[in-house]
Amino acid sequence: MHLSDFQIFLLLTILKIVVVLVIMLTSVAYTVLLERKVIGLIQNRWGPSRVGPFGLLQPLVDGIKLFLKEDLMPMAVERPLFVIAPVIALSCALVSISVVPFGNVFTYRGVSLFEISDINIGLLVILGITSIGVYGIALSGWSSNNKYSLLGSLRASAQLISYELALGLSLVGVVLRAGSLRLRDIVDSQSAHGALSWNIFGGPARVHGAGGTTWAIVGGFQILGFFIYLMAAYAETNRAPFDLPEAESELVAGYHTEYSSMKFAMFFMAEYANMITVSCVATLLFFGGASSPLGHLLPDNFGGTFLSAIFPILWFVFKVFCFLFLYIWVRSTLPRFRYDQLMSFGWKFLLPAAMLNIVLTSLVLAFHG
Amino acid sequence: MVPIYYYLVLAAILFCIGIGSFLIKRNIITVFMSIELMLNAVNLTFVAFAHAHDNVHGQIFVFFVMVVAAAEAAVGLAIIIAIFRTRQTLDVDSMNLMKN
Amino acid sequence: MNVNPIILSLILFTPLVGAVVLALLPDRGRIQQWAALIVTLITFGMTLHLPAHFQQAHTTAASAFAFEQNHLWIASPLIHYHLGVDGLSMWLLVLSGLLAPLGVLASWNAITSRKKLFYTLFLLQQVAMLGVFASLDLFLYYAFWELALVPMTILIATFGRTEKRRHAAIKYFLYAFIPSAVMLIAVIWLYVVTGTFDVPRLMALAAAHAIPGSSTAMWLASLAFLLAFAVKVPVFPLHGWLSDAVSEAPTAAVMVLAGKLGLYSIVRFSFGIFPEQSHRIAPLMIALGAIGIVYGACIALVQNDLKKLAAYSTLGHLGFITLGIFTFTVNGLDGGMYQILNHGISGSAMFLMMGFLYERYGTYDMRELGGIAGKFPWLVTMFVLTALSNVGLPMLNSFVGEFLILSGTAGTTLTAHPMLWTTIATTGVIFSAGYLLTMIQRTFYADLGSTTAEKPGWDMCAREHVAMWPLVILFLVMGVASPLFMRALDPIGVHYAGYTVTTESSPIRHSESESYSQTAMPKPGMVSEYASVSDTAQHRAQVLAAVGGAR
Amino acid sequence: MPTTLSNNVLALLPEYILTIVGVLIMLGEPLLPAGRTRKPLGWLAILGAIAATGVSFWQLHLGVMNAFSDSIRVDAYSIFFQVVIGAVVVISLLASLDYFEGNSSHAGEYYALVCFGAVGMMLMSCSTELLMVFIGLEISSISTYIMAGFRKGQGTATESSLKYFLLGSFATAFFLYGIALTFGATGSTNINVVAAALPHTNSPVLAVLAIAMIIIGIGFKVSAAPFHVWTPDVYQGAPPPVVGLMSTAPKAAAFAVLLRILYSGYAIDQPRWQILMAILSVLSMCIGNFGALMQRDVKRMLAYSSIAHAGYLIAAFTALPADGIAAAAFYSASYAAMNVGAFIVITLVSGYSERVRTGDDYTGLAQEHPVLGAAFSFFLLSMIGIPFTAGFFGKFYVFTAVMHSGHVKLALIGLVNSGIGCYYYLRLITRIYSTANATKSSSSADFELAAETDPALIAAPLNFPMPAVSLRIPAYVALAAAALATLALGIAPNGVLRMAQSAAIATTPANAANQITPISPSSTLR
Amino acid sequence: MQLALFIIFAVLCVVFALNFLFQRHPINSALSLIVVMMSLAVIYWTLGAEFLAAAQVIVYSGAVMVLFTFVIMLLNAGEEERTRGSKIAYIVGIPGVIAVFALLAYTFVHEHSTLGMAHLGGHLNNGVSNLEEVSRILFTDMLLPFEVTSILILVAILGAVVLARKEH
């Protein structure tokens, strides 16, 4: 059978999508388990431990439970919207992973294997899809016809809109440095000298240039931007300490009070999928993506073709895992904000700080190249 | 290969639907949204012409239109909130305090 | 010091400054009255300078106008501050100057509240009137012409006698303003085709048939002018505003309300700029004038209200003057112009007297008056004298004018039946004698009326004597020594009467009579026809070519 | 010094000043304690506006300046409109100093909005780039939308703001469509480039459609019929000082834009748009005048009158370039003077809660406040077009220009309309000068009427203390300025006229300027 | 390919625009509008304006329309009623709208030969991105509008605060 380039492209893309989806959903499931375990440990208890060894089958069982439960549909809901809201939430969460490069460039017949698509405005795509995700939450609360849900979703929408600004602005420094919105370019711009050239760090490194090897300052010094991004991202994903929309004690459970069974599971998965996306983006933008922290200490083709393709992916997964762990850690450590604190924090601290970051970065870039 | 005028006609359709709903809709917010639809139609026109002329200025114009639309939306919705506070209704037809 | 070059400006600005001063002075006691009196007297004094030096100024000046003053006002469009007088406008200036202090005296006790407003507006009104008579720039003239409406309207609206005052004021304004707006089109059109607003220049161009416009355009323009003036006069079918305005307006305002402005404008502008068209329309105007005479007199006969009676009598008199000037004979024109002055004096005297009566009895209704002849001899004497002057008794002023007009009418060649119109006009004289004498009879001699019985009344006081005597003296002087005045008016009459007369018998040149006969009387629809023609560039090119050719 | 500063700085100096002042006011507002007076901020705004106007006038000596890659062109034309806008802003600010005092907790923002709005309008008048025009238009529009709804406790105010906003944005969409089609026809949005490209365009029909759309869009902004539906409601509901501002300055700016687009951008299509403008003019005059005849509310009447005046002004567009631009410029200046003045009087008479609304309420005004009565009548007379006022000379000049290009019919319709229009002004003037009817207690009658039209007033009718007249000196100064301007434009229009004429020459395309010279005997006779 | 994309998304646009028009409930209208905007974003992308496509999603769908839905939810706007006024609007509006559309469509069809054809991605794209060109022009030729936009946004913020804030 002879396939044209386009057919190959189509087949491979579908294959990539399927693989990434499967991996993604699995990791979502196990992130849940991880969270329960870690929180359990932090709170000095075991967490899930009955189903399978160390409770490793727990997510599977949870999934089956949610799947088999009766799908309740309250009388007063706006039916179409009620159904479509979790779909929007989940699909937005899953789609944004499509522009993330998981590893180095590794092509087969012109198709890059380790990312679903390489779009020249990849960062904007992620931001755009994230911003669409608001609708899932907003509509779920509104269509539930329940005042707690509505309040929860209003809070969530307000929170999302507010923190999206800071989030977007915190990334401008990185974009300025890379001069591109393509995620691959951004990663490439920080892979030359290992951890030193990552956007978050910076320092003196030996640079091989036209005039021989010299010492130069590399890296982005975007630590301010990073922390702003981190905080804004936590708020974007409605995670503690910014998890007001689903504050059980005030709002029953926020926007998904009326949801049950699979629809509830979708929200649940969306939240964790979002966490993973956020972690991916943080990795890509500030931590060199799939590049190794060791830089040229390891040779580029270390371990042959296969391993040199796999190693970056492992690095990437490791970095993402660290972020996920951080998420869980923060959740179990910090108390929840009050609503007005949340808003004033976003508008009065994060936003100006992000702007400051932009100004500083552009000044440095203007004077220093 | 699609003739440019397809896009323009699409934009015209959207623009006219926008006008139509501006006139027909009775909820202030929807009326306001029809203006957004009209602006979107204009944007499409710009992009299509930018493509036809191979001139990026048209795209830049669209960018500004978006910014302006966002600003307008902020003000417009604030006005709508203010009017809801005094009147407790969003019906266009009840905005008739001043008819003699 | 030779004040001749600036005397007209002085005359114009004195009342204006006076108005400003009055607006700043407090409205307390009789301050306003005295100030207004002083200002008007000063103005009058200055207007007397004009006849005193008229011959001298006239012989020294090159143009037909004396006391000329010409400054550039606005460069583009080209507008000049151009003042100047000929005989007619000079005498009208003097007349206006004279009437102003009398008006103040008439209002001395009649106006009790809001005096500041009254006298300020009164002075502004005087400025506008003086401006109309003195301007020789069409734009400037138009400005004053319209300005004259405003103070009068507010005077009527504020100081009117009954609740209908606002209605009357608005009616007056609308009647005058809308035709004026149309006239403005004609003014602008004249400017566009000739490039000047200068009246002497326009008159010269007109005399040379050098105004570059199609005959239709000229017709429409002349009609626009004539309509605006005729409403202001008012000529017979356009008099709707007159009786309301006259019966509402306070005495001082009513003295200057009708007549002078419109008639002067007809003579100066309609005749001056559109001589041919004026000749063509003369038969109609003669007819209207004659009808106005009879109509006014007939209506006046059945009035119970003094003011209304006076209003219709005014209509009759103005019809007389219209008739006279449109005969385009020397006699008719001279008489008409003379009669403008006479009517200013006699009519004002009539209104003054009625105002005095009203001060005493608070009514104009003849049914409530009567029976006071014996009690107040001065009052009745003056009233009778005034009435006789209005009737046109020989030896008194109006006789001269009316006689000249009638003889002019009889001699005119512009209408097919001059004797018919003369007869009708003469009937009007008889009618007017009828209603005026009836009025005297009913007001003074009949049985004691209800009001006159109730209220004590009083004979003429010093102020009233002061106000009336100048007029009475003028009745006599103008009736006896008419050449004194006529000397300045006659050249104008001769000029207009002689305008198109190549042979004494025909006022219209033969060469042109043919083209005239093709130009029928304009139909109402012609306005639009003309406009549509003028819309085309082709027409514009024609006009420009014609203009170019003319230069 | 002029030589050392770049054009980018010099050309937009007035705008920079106003922006800085606006930002300062915004910063100052939160610093002032809540209950304190906001007047210092108002004075700051006034000083800024005066400075901006002065600088703008001074720019006249600098000649034509192009800046920001030809998107800005500062010449006599733009300066004329900028000075008009600046003057209107100064006067309106003076009038509103005491208006918002004690009535509104955020007067500071009002001053900032006025400053920013003025920046937008000034940018409109000096932009040759349609994108810049659009943004300037939006700045000015948005700030006026907000100002219209500033008394948000009142139902009418928010309603007025809403209507203004909705229809304004609707119009903006049309304007934008017009720009898009212009871009489609010529491949550029710079007026100069458009003008150069139009003769060679492959798609002239697009250009014609573009003109129509642009005219519709701007027609809304200047409240020309049939795009006037918002005007009466907005004028009635908005605070009078704001109406004074928004009925003049943004209109002047919009006319500046329209004149520039049509006469210098689309000069080649003049025969086509001229017809459109003539239709628009006639409709505006007729609808404005006949609509005004039927109004009881004074502000509403003035709204219709402003439609009529827009009609007179639009008539100037049918004239030849030099005449038409000069006439339109002069008319917008004179309309600004008289209309701002009229609304200052309304501000002073009706107060914050506006219990004086209908013509009846104005009965006897001249007795209670002789100065206000006289001033109001004067402005109304100017609107009628009585000689020796700005209104007369403006009308005269416009119709001279119109006749000069041979449109006698239009001039006739216009002047007859102004004759009809005088009725409603006159009705008000005669009311002002008649004595108040003694039988009805004026205030109670007013109150009933206000309550009938505005339920919000019933709730808190007397909470707004009327400031004593002595406290309102700035407003009287503004009134005097407006009256003087109206008088001066009527009696000695030479200076302004010369400016308008040089403005016209500045913006007529070179080829047209050769053919046309301003109205003067030489042009008509030779 | 492009034709297919165009047809799919154009039909989506029109269908949802009509849905926007005929839905009674504002939130349904809002959602329809979002779909229209997203489809337009795709069309922009096919015309070689990928930056605009992203901006369309972020600004319009992600910010402006969120604000709209937010306000609809906040004010709990209900279904609109058909009133007399809207009947008049139908009678007057629909013929007018059809006339406007006929005019526009006629013009575009009439000019179709001069307008040419669209290629996927367009000349602007050249396989890479036109972002660079957009940003270069934005910061050179269009610098002033870009900067002045800040005033516009300032005004909008000011206005939103003033109008939406409760009076004490």
Side-chain angles (χ1 to χ4, degrees), chain B residues 1-10 12-21 23-27 29-30 32-34 36-37 40 43-44 47-48 50-52 54 56-57 59-60 62-64 66-75 77-82 84-85 90-93, chain E residues 2-3 6 10 13-14 17 20-21 26 29-30 33 37 40 44 47-49 52 55 59-60 63-64 67-68 71-72 75 77 80-81 83 85-86 89-90 93 97 100-101 104-105 108-109 112 115-119 122-124 130 133-134 137-138 142 145 149 152-153 156 159-160 163-164:
Chain B
M1 297 284 275
V2 183
I4 293 277
Y5 82 90
Y6 280 22
Y7 293 93
L8 297 176
V9 172
L10 173 63
I13 293 174
L14 294 181
F15 192 78
C16 290
I17 293 177
I19 303 177
S21 58
L23 297 174
I24 290 167
K25 287 294 190 180
R26 293 296 102 189
N27 186 301
I29 300 180
T30 345
F32 186 15
M33 281 194 285
S34 8
E36 298 293 335
L37 180 59
N40 267 284
N43 286 353
L44 178 57
V47 175
H51 191 97
D54 200 3
V56 86
H57 275 81
Q59 297 192 9
I60 287 173
V62 174
F63 173 69
F64 281 102
M66 285 179 185
V67 175
V68 167
E72 235 176 34
V75 174
L77 292 172
I79 292 174
I80 291 175
I81 290 174
F84 189 78
R85 277 205 192 117
L90 288 177
D91 189 22
V92 174
D93 290 325
Chain E
Q2 187 172 19
L3 188 61
F6 175 77
C13 270
V14 174
F20 166 79
L21 181 58
S29 295
L33 194 55
M37 285 167 173
L40 281 178
Y44 291 170
L47 282 170
L52 285 184
V59 176
Y60 264 125
V64 174
L67 215 55
F68 272 102
V71 171
I72 294 172
L75 305 184
E80 55 192 61
E81 290 157 18
T83 50
S86 66
Y90 271 115
V97 168
V100 171
F101 173 68
L104 286 170
F108 294 142
V109 174
H112 72 97
L115 290 168
M117 307 290 270
H119 317 277
H123 315 286
L124 306 168
N130 67 346
E133 200 180 348
V134 168
I137 292 181
L138 203 55
M142 297 293 172
T149 310
L152 177 75
I153 293 172
L163 289 170

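Residue numbers begin at 1 in each chain, while the letters A, B, ... track the order of the sequences.
The minimum heavy-atom distance linking B:Asp91 with B:Arg26 is given by the pair OD1-O, 2.9 Å. Contact between E:Ala49 and B:Val47 at its shortest, heavy atoms only, is CB-CG1, 4.1 Å.
For a residue to count as touching a neighbouring chain, one of its non-hydrogen atoms must lie under 4.5 Å from one of that chain's; by this rule B:Ile60 touches chain E with the side chain only. Proximity to chain E (any heavy atom under 4.5 Å) is restricted, for B:Leu14, to the side chain, taken from C-beta onward. Looking at B:Val92, neither its backbone nor its side chain comes within 4.5 Å of chain E, counting heavy atoms on both sides. For B:Leu10, the part lying near chain E is the side chain, with the backbone staying farther off; criterion is any non-hydrogen pair under 4.5 Å. Neither the backbone nor the side chain of E:Ala63 comes within contact range of chain B; no heavy atoms are under 4.5 Å apart. Both the backbone and the side chain of E:Phe68 come within contact range of chain B, with heavy atoms under 4.5 Å apart. Only the side chain of E:Val59 comes within less than 4.5 Å of a heavy atom of chain B; its backbone N, CA, C and O stay farther away. Contacts between B:Leu90 and chain E at a heavy-atom distance below 4.5 Å involve the side chain alone, from C-beta outward. Contacts of E:Phe101 with chain B are made by both backbone and side-chain atoms, with heavy-atom separations under 4.5 Å. For a residue to count as touching a neighbouring chain, one of its non-hydrogen atoms must lie under 4.5 Å from one of that chain's; by this rule E:Leu75 touches chain B with backbone and side chain alike.
Chain E forms more heavy-atom pairs under 4.5 Å with one residue of B:Val75, B:Ile81, B:Ile29, B:Ile79 than with any other, namely B:Ile29. With chain B as the partner, the residue from E:Ile153, E:Val100, E:Leu33, E:Leu104 showing the most heavy-atom pairs under 4.5 Å is E:Leu33. Of all the listed residues (B:Ala12, B:Ala73, B:Ala82), the one sharing the greatest number of non-hydrogen pairs under 4.5 Å with chain E is B:Ala12. Ranked by heavy-atom pairs shorter than 4.5 Å toward chain B, the options E:Ile72, E:Val64, E:Thr149, E:Leu115 are led by E:Leu115. Highest contact tally toward chain B, considering only E:Ala105, E:Gly116, E:Gly159, is held by E:Gly116 [criterion: heavy-atom pairs under 4.5 Å].
At a threshold of 4.5 Å between non-hydrogen side-chain atoms, the residues B:Tyr7 and E:Phe6 count as touching. B:Asn43 has its side chain within reach of E:Tyr44: a pair of non-hydrogen atoms, C-beta onward, lies under 4.5 Å apart. Using a 4.5 Å cut-off on side-chain heavy atoms (C-beta onward), B:His51 and B:Ile4 make contact. You'll find the side chain of B:Asn40 stays beyond 4.5 Å of the side chain of B:Leu44, heavy atoms only. With contacts defined as side-chain heavy-atom distances shorter than 4.5 Å, the pair E:Pro26/B:Lys25 does not qualify. Between B:Pro3 and E:Met117 the shortest side-chain heavy-atom distance falls below 4.5 Å.
Going from atom CD1 of B:Ile80 over to atom CG of B:Asn27 covers 8.0 Å, rounded to the nearest 0.5 Å.
In this structure, the ring-ring contact (aromatic ring centres under 6.0 Å, His included) partners of B:Phe63, at least two apart in sequence or on a different chain, are E:Phe51.
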